[in-house]
Amino acid sequence: MSDTTYAAAPAAARNRLALIALLVGGAAIGGSPIFVRLSEVGPMATAFWRVALALVPLFAWARLAEQPGRSERPAGICDMLFLILPGVFLAADLAAWHLSLHMTSVANATLIANLAPIFVTIGGWLAFRARVSGIFVAGLATALIGIVVLKGGPAALGDGHVGGDATAIVAAIFYAGYILAIGRLRSRFSTLTIMLWSTGSAALCMLPLALAFEPTLMPVTLFGWAMLLGLALISHAGGQALIIYALAYLPPAFSSLTLLLQPVVAALLAWSILGESVGAMQAVGGAIVLAGILIARRG
């Protein structure tokens, strides 16, 4: 066996591990609509607690993993700004998506927000001249068709509102910016460093929005706090950390496409926890999404 073969084997195993982390992270984030739906506070306040509470385990992780001389630190103001940027994108994405849910139909807001892979692909090509294969485009188109089917088909998208639909498009663009920014940072900084900086900056951006637009910031029951903790620990600290880890080894365009699993997971959880029906069309849509991801993986 040649040296090249020996070198390729660990790389292939590493990429498989990154793909598993990406899928698990996408599934963890897919549960976030359930936590948001069951939250006792408004959407902006929920978004704030999602990132603010996630800082607790992240700081604990930083303390446990601290090794003098080995941690990558920002070298100057430019590095700090680049580390803050994903959090600004994330806060804008959360604010726009939550707002769109109150301006248009849930089907429209969810579908349009999940168009982020299109903007990731376009942004990667425009900004970084990332190569896009025909097979990948075919997989992307297949997965997006699956999302439309999952949401009830084109007929389910007719009860939206132009302003709300436009706001959901803004959310998709900001989430694409979040993915692209992290993809560039992973070449220099660790998962923990990016998570700390982006989560902290997102919390600072969301706090004034929550104070300005929500009548109350704090839940009043243990159940309310449990929903916020689940959102922060599972969907953000867990899901986002796994996605950021995977972006060190997988292209941002493919990674964003794989995250189309989120509405599939959300539909399954809504069926099992909230009792929302999942019919044959939803099952077919989920299967088409998975098929699209498998096609794109070959590209």
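Predicted model only: the values in this text are computed from it and were never measured.
Looking at residues two or more places apart in sequence or on another chain, you find a side-chain hydrogen bond (donor to acceptor under 3.5 Å, both in side chains) between Thr199 and His236. The side-chain contact (heavy atoms from CB on, under 4.5 Å) search around Phe82 returns Leu185, not counting sequence neighbours. Under the side-chain contact (heavy atoms from CB on, under 4.5 Å) criterion, Ile84 pairs with Val88, Trp197, Ser201, not counting sequence neighbours.
With values rounded to the nearest 0.5 angstrom, Leu94 atom CG is found 8.5 Å from Ser32 atom OG. Separation of atoms CD1 (Ile34) and OG (Ser39) is listed at 13.0 Å; rounding is to 0.5 Å. Atom OH of Tyr249 sits about 14.0 Å away from atom CG of Leu19, to the nearest 0.5 Å. The line from CG of Leu196 to CG of Leu55 is 7.5 Å long, rounded to the nearest 0.5 Å. For the atom pair CG (Leu83) and SG (Cys78), the distance works out to 11.5 Å, reported to the nearest 0.5 Å. Put simply, CZ on Arg37 and CD1 on Ile273 are 11.5 Å apart, with the number rounded to the nearest 0.5 Å.
Side-chain atoms of Trp49 do not come within 3.5 Å of backbone N or O of Trp225 as any donor-acceptor pair. Distance alone, capped at 3.5 Å, places no donor-acceptor pair between the Asp93 side chain and the Phe89 backbone. For Arg50 (side chain) and Leu228 (main-chain N/O), no donor-acceptor pair under 3.5 Å exists by modelled atom type.
Here the shortest heavy-atom pairing between Arg186 and Ile194 reads CD-CD1, 3.4 Å. Annotation for Pro86 and Ile182: closest pair CB-CG1, 3.9 Å, computed over non-hydrogen atoms. Nearest approach of Pro219 to Val41, heavy atoms of both residues: N-CG1, 3.6 Å. For the residue pair Ser235 and Ala28, the shortest heavy atom distance occurs at OG-O, 3.1 Å. Taking all atoms of both residues into account, the shortest heavy-atom contact from Ala91 to Cys205 is CB-CB, 3.6 Å. Nearest approach of Val36 to Thr46, heavy atoms of both residues: CG2-CG2, 4.1 Å.
Between the side chains of Gln240 and Tyr178, at least one donor N or O lies within less than 3.5 Å of an accepting N or O.
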Worked check of side-chain contact (heavy atoms from CB on, under 4.5 Å) between Ile169 and Phe119: CA-CA 10 Å; Ile169 291 176; Phe119 297 111; 4.2 Å; yes

Checking side-chain contact (heavy atoms from CB on, under 4.5 Å) for the pair Ile295/Leu140: CA distance, chi angles, key distance, verdict? CA-CA 8 Å; Ile295 292 171; Leu140 172 61; over 6 Å; no

Worked verdict on Leu250 versus Leu22 for side-chain contact (heavy atoms from CB on, under 4.5 Å): CA-CA 9 Å; Leu250 300 174; Leu22 185 68; 4.0 Å; yes

Between Ile234 and Ile29, is the side-chain contact (heavy atoms from CB on, under 4.5 Å) condition met? List the steps. CA-CA 8 Å; Ile234 297 174; Ile29 295 177; over 6 Å; no

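Counting heavy-atom neighbours within 6.0 Å of Phe174 CZ, excluding the residue itself, gives a total of 12 or less. More than 12 heavy atoms of other residues, nucleotides or ligands shown are found within 6.0 angstrom of CG on Leu126.
Under a hydrophobic clustering in which Ile, Leu, Val, Met, Phe, Trp and Tyr are joined whenever their side-chain heavy atoms come within less than 4.5 Å, directly or via other members, Leu85 and Leu81 fall into different clusters. Under the 4.5 Å side-chain contact rule for hydrophobic residues, Leu217 and Leu53 share a cluster. Linking ILVMFWY side-chain heavy atoms closer than 4.5 Å, directly or via other members, places Val284 and Met281 in a single hydrophobic cluster. Following chains of ILVMFWY side-chain contacts shorter than 4.5 Å, one can reach Met80 starting from Phe59, so the two form part of one hydrophobic cluster. Both Ile118 and Ile173 belong to a single network of hydrophobic side chains, linked directly or stepwise wherever heavy atoms of I, L, V, M, F, W or Y lie under 4.5 Å apart.
Looking at heavy atoms from C-beta onward, Met206 lies in side-chain contact with Met44 at the 4.5 angstrom threshold. Residues Leu209 and Phe48 are not in side-chain contact: their nearest non-hydrogen atoms beyond the backbone lie 4.5 Å or more apart. By the 4.5 Å heavy-atom criterion applied to side chains, Leu233 and Pro57 are counted as neighbours.
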